[in-house]
Amino acid sequence: MYSSITDLCYLISTVFFIIGLKRLSSPKTATKGNALAATGMILGILTALFGALGGEPVNNYGVIAVALALGITIGLIAAKKVEMTAMPELVSLFNGFGGAGTLALAVVELVGYLSGVEASFGVLLTVLSALFIGAVSFTGSLVAFGKLKGIWNEKLKLPFSAYINVLLLLIVMIALIYYSINPSAISLGFVLGLIFLSLFYGFSFVSPIGGGDMPVVIAFLNSLTGIGAALAGIVYTNNVMLFGGILVGASGIILTVLMCNAMNRSLAQVLVGNFGGTSSSS
Amino acid sequence: MDAIISWIGENILFIYLLIFAIYLGTEIIGKVPVVLHTPLMSGANAISGVVVIGGIILVRLTPSDDYFGLLIGFLGITFATINVAGGFAVTQRMLSMFNKKKKS
């Protein structure tokens, strides 16, 4: 009974997200859509706080209350203080925090596996992918934020960055699959190495992209954070995380393409446009 | 390889749902006008803060003497909450700015 009500609340919360996103995409209903999505989120959080869990709850409500209060305060102040012209970089910064949240969850899970908790291929691949995506969206969003804010040098570029990025991506993919098939090979060194490589990839992936393309990159990174949240939802067998994440991931990709079209650019041009080092924008 | 095949077999219904959800996500915002790109991105970004739910579940299940787990869980909840609260608030501001412009 208790766990059915929990599931039902998560379901309602997911439906709020769907309708909220739908309304956000039309000028007349956008404000209501945002409020609806926020209501869905509040319901989801309340359900997570007081609903049934997969195990015996310890609760630690003190820790959770402080964390929530801190996050709400920082978030609301930042949203209120920001200049109207500085909104895209704030969205990017927020997105980076979302990515960091996913990264934190994945780290805790992996530490559990290091101390001997057994996991199947599917679960391991999911956790490792969540770690990679969370880390990439974290550092990537910070770089995008820095570039829009003008802290970052517009032309900062690693040599052969396009080739290095493809190589890095390949190495990470192979490592993810190899270690998911051979869980016993997972060591602390591997976990730390993967975290470092993923954080670095986020940096080297976004840093060669020009400031004018940043809104598109932010939409793309936002989509990545959604996918990361969905992966975390699989690990926690939590449907609102899973489907909320998928919705953001899928709509984020479409939004990225739409934004590219509005700028008369293709997604490939934006993301790997500087392949071979001849940047078109100068 | 066997592990992969059997995982697919056990989760086939889930894979169906996944495909439907991806399609739904792309379909929902298919007709968004250019002016709404940034608010929609921002609103969707706030929703991606749902990882906060995972953080809460994690901390509720972490033994009170597991300080490392609690610390990382604490950070996870804080970061994700910044994303959620800030994201919805900033979207609201963008949209209200918008409505004012229209009226004047």
Side-chain angles (χ1 to χ4, degrees), chain A residues 17 21-22 24-25 30-31 34 37-38 41 44 48-49 53 55 57-60 63-64 67-68 70-72 74-76 78-79 87 90-91 94-95 97-98 100-102 104-105 107-108 121-122 219 222 225-226 229 232 236 238 240-241 243-244 246-248 250-252 254-255 259 262, chain B residues 3-4 7 18 21-22 25-26 28-34 36-45 47-64 69-70 72-95 97:
Chain A
F17 288 162
L21 266 182
K22 175 80 200 165
L24 259 174
S25 60
T31 314
N34 187 51
M41 186 64 79
L49 278 173
L53 296 173
V58 185
N59 285 340
N60 299 307
V63 177
I64 299 177
L68 283 175
L70 194 63
I72 291 173
I74 297 174
L76 290 185
M87 292 220 174
L90 188 67
V91 172
F94 286 152
N95 186 51
F97 279 118
T102 308
L105 290 189
V107 167
V108 174
F121 165 80
N222 175 32
T225 314
Y236 284 79
N238 183 291
V240 69
M241 280 166 81
F243 289 105
I246 299 269
L247 279 175
V248 176
S251 60
I254 295 300
L255 188 60
M259 286 169 91
Chain B
I4 302 172
W7 184 84
L18 217 59
I22 292 170
T26 60
I28 277 181
I29 65 144
K31 287 179 198 131
V32 60
V34 175
L36 278 179
H37 280 175
T38 313
L40 181 64
M41 176 173 85
S42 173
N45 170 48
I47 294 180
S48 70
V50 275
V51 280
V52 66
I53 289 174
I56 293 172
I57 294 174
L58 172 82
V59 172
R60 282 189 70 193
L61 288 171
T62 306
S64 298
L70 285 181
I72 305 287
F74 176 85
L75 290 177
I77 297 177
T78 308
F79 290 156
T81 311
I82 293 175
N83 189 185
V84 170
F88 283 122
V90 94
T91 312
Q92 200 64 35
R93 260 190 80 188
M94 281 182 211
L95 291 170
M97 174 173 73

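Values below: all heavy atoms of this structure, side chains included; hydrogens, waters and symmetry mates excluded. Computed from a predicted model, the values in this text were never measured in an experiment. The chains referred to below are lettered A, B, ... by the order of the sequence lines, with proteins before strands, and numbering in each begins at 1.
- With chain B as the partner, the residue from Ala232(A), Gly71(A), Gly98(A) showing the most heavy-atom pairs under 4.5 Å is Gly71(A).
- Looking at every heavy atom in both residues, Ala79(A) comes nearest to Gly86(B) through CB-O, 3.7 Å.
- Under the side chain to side chain contact (heavy atoms under 4.5 Å, CB included) criterion, Ala85(B) pairs with Ile72(A), Leu76(A), not counting sequence neighbours.
- Looking at residues two or more places apart in sequence or on another chain, you find no ring pair (Phe, Tyr, Trp, His ring centres under 6.0 Å) involving Phe94(A).
- Here the closest non-hydrogen pair linking Asn222(A) and Ser48(B) is OD1-OG, 3.8 Å.
- If you tally non-hydrogen atom pairs under 4.5 Å between each of Ile72(B), Val34(B), Ile56(B) and chain A, the highest count goes to Ile56(B).
- The shortest distance between side-chain heavy atoms of Val50(B) and Phe17(A) falls below 4.5 Å.
- The greatest number of non-hydrogen atom pairs below 4.5 Å with chain A, out of Thr81(B), Thr38(B), Val32(B), Leu18(B), is found for Thr81(B).
- Leu21(A) is listed as a side-chain neighbour of Leu40(B), based on a closest heavy-atom distance under 4.5 Å.
- For the 3.5 Å distance criterion, the side chains of Ser64(B) and Asn60(A) qualify, holding a donor opposite an acceptor.
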**Request:** Could you walk me through whether Val52(B) and Leu68(A) pass side-chain contact (heavy atoms from CB on, under 4.5 Å), step by step?
**Result:** CA-CA 9 Å; Val52(B) 66; Leu68(A) 283 175; 4.2 Å; yes
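- With contacts defined as side-chain heavy-atom distances shorter than 4.5 Å, the pair Leu70(A)/Ile77(B) does not qualify.
- Summarising the geometry, atom CG belonging to Asn95(A) is positioned 13.0 Å from atom CD1 belonging to Ile82(B); distances are rounded to the nearest 0.5 Å.
- Proximity to chain B involves both the backbone and the side chain of Ala219(A), based on heavy atoms less than 4.5 angstrom apart.
- Of the listed residues (Thr225(A), Leu24(A), Thr102(A)), the greatest number of heavy-atom pairs within a distance under 4.5 Å of chain B belongs to Leu24(A).
- Within the 4.5 angstrom heavy-atom criterion, only side-chain atoms of Val107(A), from C-beta onward, approach chain B.
- When each of Arg93(B), Met94(B), Gln92(B), Lys31(B) is checked for heavy-atom pairs under 4.5 Å with chain A, Arg93(B) comes out on top.
- Looking at heavy atoms from C-beta onward, Leu58(B) lies in side-chain contact with Tyr236(A) at the 4.5 angstrom threshold.
- Once rounded to the nearest 0.5 Å, the distance linking CD1 of Ile28(B) with CG of Leu255(A) reads 13.0 Å.
- With a 4.5 Å cut-off on non-hydrogen atoms, Val84(B) touches chain A through its side chain but not through its backbone.
- Between chain B and the options Ser25(A), Ala262(A), Gly122(A), heavy-atom pairs under 4.5 Å are most frequent for Ser25(A).
- A distance of 7.5 Å separates OG in Ser42(B) from CG in Asn34(A), rounded to the nearest 0.5 Å.
- In this structure, the portion of Met41(A) lying under 4.5 Å from any heavy atom of chain B is its side chain and not its backbone.
- Counting only distance, with no hydrogens or angles, the side chain of Asn238(A) and the backbone of Ile53(B) share no donor-acceptor pair below 3.5 Å.
- Most heavy-atom pairs under 4.5 Å with chain B, from the set Gly226(A), Gly244(A), Pro57(A): that is Pro57(A).
- Side-chain contact between Ile29(B) and Ser251(A): present, with at least one pair of heavy atoms (C-beta onward) separated by less than 4.5 Å.
- When the candidates Ala229(A), Ala67(A), Gly101(A) are compared by the number of heavy-atom contacts under 4.5 Å with chain B, Ala67(A) comes out ahead.
- Counting only heavy atoms from C-beta outward, the side chains of Val90(B) and Met87(A) approach each other to under 4.5 Å.
- Contact annotation: the side chain of Arg60(B) never approaches that of Val58(A) to less than 4.5 Å [non-hydrogen atoms, C-beta and beyond].
- Contact of Leu53(A) with chain B is made through the side chain alone, with heavy-atom distances under 4.5 Å.
- Most heavy-atom pairs under 4.5 Å with chain B, from the set Val91(A), Val248(A), Asn59(A), Ile74(A): that is Asn59(A).
- Within the model, atoms CD1 of Ile22(B) and CZ of Phe243(A) stand 10.0 Å from one another, a figure rounded to the nearest 0.5 Å.
- Taking all atoms of both residues into account, the shortest heavy-atom contact from Gly76(B) to Ala104(A) is CA-CB, 3.8 Å.
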